[in-house]
Amino acid sequence: MLRRLRHSAGIGVVASALLAQPLLAAEGELPLDLHVQSASAKVGEPTEVIATITVHDGYKAMSSYRNRIIELSSFDEGVDFDKPVVVGTLENGELVFNVGVTPTKPGEHPINGVFRVGYHNGEQARMVSIPLMTTVTGTE
């Protein structure tokens, strides 16, 4: 039976705030790999930023947890987001997030957000926050 660890809303956004917990693969390291594919499209045309989280051997992503990206924003307001929260899907053991975006002006625009994901090792579960940082490029 999984024992869920409850975290208060005061836990920091950075995953490093969760050091020295039993579900870490090594000291200071989460058992997760994050891959983010930046997006590029003509100004006004929709596209997607695709982010994938792979869980290391011995761990599994929690399908019962609402894995999501929250707090999506564009520093220079050069990007519109399809949704304020993007829920991930579990595909072949990986969490996949398709973030619908539309560049609103030409150039490279940094975007950010926060992943909230859950994983377990069969005995314990952990929910963590991981920063999302990437770019969306608007072309003419």
Side-chain angles (χ1 to χ4, degrees):
M1 180 66 114
L2 292 176
R3 187 179 95 221
R4 292 184 188 236
L5 300 175
R6 299 195 189 277
H7 297 284
S8 70
I11 296 290
V13 170
V14 181
S16 63
L18 300 170
L19 298 178
Q21 298 296 328
L23 287 179
L24 300 180
E27 188 172 330
E29 182 180 313
L30 292 172
L32 309 168
D33 291 323
L34 172 62
H35 178 268
V36 180
Q37 179 183 331
S38 298
S40 181
K42 285 187 176 184
V43 171
E45 290 187 9
T47 187
E48 287 185 328
V49 169
I50 300 171
T52 305
I53 294 179
T54 305
V55 184
H56 295 183
D57 288 341
Y59 300 89
K60 290 186 179 183
M62 291 176 53
S63 60
S64 61
Y65 184 71
R66 187 171 180 244
N67 298 292
R68 63 203 180 277
I69 302 173
I70 59 174
E71 300 179 20
L72 289 164
S73 65
S74 169
F75 176 72
D76 64 1
E77 299 179 5
V79 177
D80 284 337
F81 297 92
D82 289 357
K83 300 176 186 176
V85 175
V86 176
V87 177
T89 57
L90 195 54
E91 299 176 14
N92 299 319
E94 296 181 327
L95 291 170
V96 179
F97 301 85
N98 296 322
V99 182
V101 295
T102 303
T104 59
K105 48 188 171 181
E108 191 172 277
H109 309 287
I111 66 168
N112 55 38
V114 179
F115 291 94
R116 289 291 298 149
V117 298
Y119 63 93
H120 67 90
N121 65 0
E123 295 177 15
Q124 294 180 319
R126 164 115 353 188
M127 282 61 71
V128 295
S129 296
I130 304 168
L132 164 67
M133 294 176 278
T134 191
T135 58
V136 175
T137 303
T139 60
E140 295 186 62

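Here the structure is a predicted model, which means the values were calculated and not measured.
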Side-chain donor/acceptor of Asn67 to backbone N/O of Gly118, under 3.5 Å = yes
Heavy-atom nearest pair, Gly44 first then Thr102, reads C-CG2, 3.5 Å
Only counting residues at least two apart or in another chain, list the ones meeting side-chain hydrogen bond (donor to acceptor under 3.5 Å, both in side chains) with Thr134.
-> Ser38
Supply the members, apart from Ile50, of the Ile/Leu/Val/Met/Phe/Trp/Tyr cluster built from side-chain contacts under 4.5 Å; use none for a lone residue.
-> Val96
I would like to know whether His35 and Thr54 meet side-chain contact (heavy atoms from CB on, under 4.5 Å); could you show each step before the answer?
-> CA-CA 8 Å; His35 178 268; Thr54 305; over 6 Å; no
Given the rule that I, L, V, M, F, W and Y join up when any side-chain heavy atoms are under 4.5 Å apart, are Leu90 and Tyr59 in one cluster?
-> yes
So CG of Leu34 and CD1 of Ile130: to nearest 0.5 Å the spacing works out to 6.5 Å
Please report the shortest heavy-atom distance between Asn112 and Met133, naming the atom on each side.
-> CB-CG, 4.3 Å
Inter-residue atom distance His56.NE2 - Glu29.CD, 0.5 Å rounding = 6.0 Å
Which atom of Arg116 lies closest to which atom of Ile70, heavy atoms considered = CG-CD1, 4.0 Å
Can you name the side-chain hydrogen bond (donor to acceptor under 3.5 Å, both in side chains) partners of Ser40, sequence neighbours left out?
-> none
Evaluate side-chain contact (heavy atoms from CB on, under 4.5 Å) for Val86 paired with Asn98, printing each intermediate quantity in order.
-> CA-CA 7 Å; Val86 176; Asn98 296 322; 5.6 Å; no
Atom pair OG1 (Thr52) and CG (Leu95), whose distance is rounded to the nearest 0.5 Å = 9.0 Å
Side chains of residues 74-84: which donor-acceptor partners sit under 3.5 Å, not counting sequence neighbours?
unit_1, atom_1, unit_2, atom_2, d
Ser74, OG, Asp76, OD1, 3.1
Ser74, OG, Glu77, N, 3.3
Ser74, OG, Gly78, N, 3.2
Asp76, OD1, Gly78, N, 3.0
Asp76, OD1, His109, ND1, 3.3
Asp76, OD2, His109, ND1, 2.7

Between Ala41 and Pro103, what is the shortest heavy-atom contact and its length?
-> O-CG, 3.6 Å
Are Val136 and Val43 co-members of a hydrophobic cluster defined by side-chain heavy atoms under 4.5 Å apart?
-> no
Val128 and Leu30 have their tightest heavy-atom pair at CG1-CD2, 4.2 Å
With sequence neighbours left out, the residues meeting side-chain hydrogen bond (donor to acceptor under 3.5 Å, both in side chains) with Glu48 are none
Which value, rounded to the nearest 0.5 Å, describes the distance between Glu140 atom CD and Lys42 atom NZ?
-> 10.5 Å
Please, which pairs that meet ring-ring contact (aromatic ring centres under 6.0 Å, His included) have at least one residue in residues 83-104, sequence neighbours excluded?
-> Phe97-Phe115
Nearest non-hydrogen partners of Val114 and Glu71, listed with the distance = CG2-OE1, 3.8 Å
Val101 vs Leu72, side-chain contact (heavy atoms from CB on, under 4.5 Å): CA-CA, chis, key distance, verdict | CA-CA 10 Å; Val101 295; Leu72 289 164; over 6 Å; no
Can you tell me how far NZ of Lys60 sits from CG of Asn121, rounded to the nearest 0.5 angstrom?
-> 11.5 Å
